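Structure first, commentary second.
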Amino acid sequence: MAPPGHDNGKCFRELFERPEEWQETRKLIDVLFYADHNLNRQFTDDELRPWFGLLNQWGTKLGLEVGAIKEWGLTGEKTFGIERRLWERFQRLGATVHAIALDEPLLCCRKHINKPDDYALEETANFIALVRQHFPLMQIGDIETYPSIPLEDHFWWIEALNKRLAEKNVRGLDFYRLDVNWAEFVVFDRGTWPEVRKLERWCRERKLPFSLIYWASTYPAMQRKGLADDSTWYVSIMQQAYDYALVDGAPDEYVIESWVGAPSRSVPETEEFTFTRSVRDFVRRFVKRQ
């Protein structure tokens, strides 16, 4: 689960200041996930050190969303040099970083820095190679968007990236994570859940774990219309889950993540529409745990 990062990390902080208020949810999750730049910027050493100790005590893994190619890091080498200092800080404070997820390097090249796909391929591979060299125990996955990146492009990207990594004698992706702006299915008649399901099956055939983000895709538009509140978050992630289940979708990794400024609170899990309540109810209903 990845709580929202608004209000200087209020929701993340609540998890550690009020741990007794989400004990059941904690038993249902495997990974607590957060953007590394927010984790670095929002919290002091004196806060993070005991919190990382609690994660270790709970047996909860730490995952980070990280850059690979960004406007502030146009090459994999430059971005790695910036990111590495953050990860080393967390490690000094007692964290074990289980996994990193690259924040949309293909989309960044296409939409933000106007670089060709071959550039995205090479610099992403360079970044992954550096992570494998210096942090060999970390799991590495990539996040990309849909439907802004068409289905066929995802097939090409995964195969091309893993091929380029193999040429460098570097292990390929450990998972592939899809960020689906499913509001576009209705608003722009672009994209479908059956296409997402095709990608899930395609990844599974190649023994690549398929990871899906569940989020309130409709929240920004509803907020502009004055219709959004914490209940919008809850209802939206449940709607996404029902819609994907309707086409027999069942990702290998369920990622409940918010970057839309909602919900406003993480705890308690017993109150309506908090973040941990949404996670608890979601997992109970949709996730078949071994």
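Please read all numbers here as calculations on a predicted model, not as lab measurements.
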* Is Arg177 salt-bridged to Glu257, cutoff N-O under 4.0 Å? -> no
* If you look at every heavy atom in Ala125 and Leu161, which pair is closest and at what distance? -> N-CD1, 3.9 Å
* **N-O pairing of Arg265 and Glu271 below 4.0 Å** => yes
* Structure fact -> Apart from Ile69 itself, its cluster of hydrophobic side chains linked below 4.5 Å comprises Leu74, Ile113, Tyr119
* Which side-chain hydrogen bond (donor to acceptor under 3.5 Å, both in side chains) pairs, counting each pair once, include a residue from residues 2-15, with sequence neighbours left out? -> Arg13-Glu47
* Restricting to pairs with a member in residues 143-156, which pass side-chain hydrogen bond (donor to acceptor under 3.5 Å, both in side chains), not counting sequence neighbours? -> Arg110-Asp153, Thr145-Ser148, Tyr146-Glu195, His154-Tyr176
Return all side-chain donor-acceptor pairs below 3.5 angstrom for residues 50-63, not counting sequence neighbours, or 'none' if the list is empty.
residue	atom	partner	partner atom	Å
Asn56	ND2	Phe52	O	3.2
Asn56	ND2	Gly94	O	3.1

* With a 4.0 Å cut-off, would you call Glu272 and Arg277 a salt bridge? -> no
* Structure fact -> Excluding Trp72, membership of its hydrophobic cluster (Ile, Leu, Val, Met, Phe, Trp, Tyr; side-chain heavy atoms within less than 4.5 Å) reads Ile82
* Can you name the nearest heavy-atom pair linking Met138 to Arg132, along with the distance? -> O-NH1, 3.3 Å
* Asked: Under 4.0 Å between a Lys/Arg side-chain N and an Asp/Glu carboxylate O for Arg190 and Glu184?
  -> yes
* No-hydrogen, no-angle side-chain donor-acceptor test under 3.5 Å, Ser231 and Asp229 -> yes
* **Neighbour count above 12 (heavy atom, 6.0 Å) for Lys27 NZ** => no
* Asked: What pairs with Trp182 under side-chain hydrogen bond (donor to acceptor under 3.5 Å, both in side chains), at least two apart in sequence or on another chain?
  -> Gln240
* Flag if over 12 foreign heavy atoms under 6.0 Å of CZ, Arg285 -> no
* Asked: Would one find more than 12 heavy atoms of other residues, nucleotides or ligands at under 6.0 Å from atom CD of Glu159?
  -> yes
* To do: Can you spot which of Phe286, Tyr214, Phe210, Phe175 makes a ring pair (Phe, Tyr, Trp, His ring centres under 6.0 Å) with Tyr254?
  => Tyr214
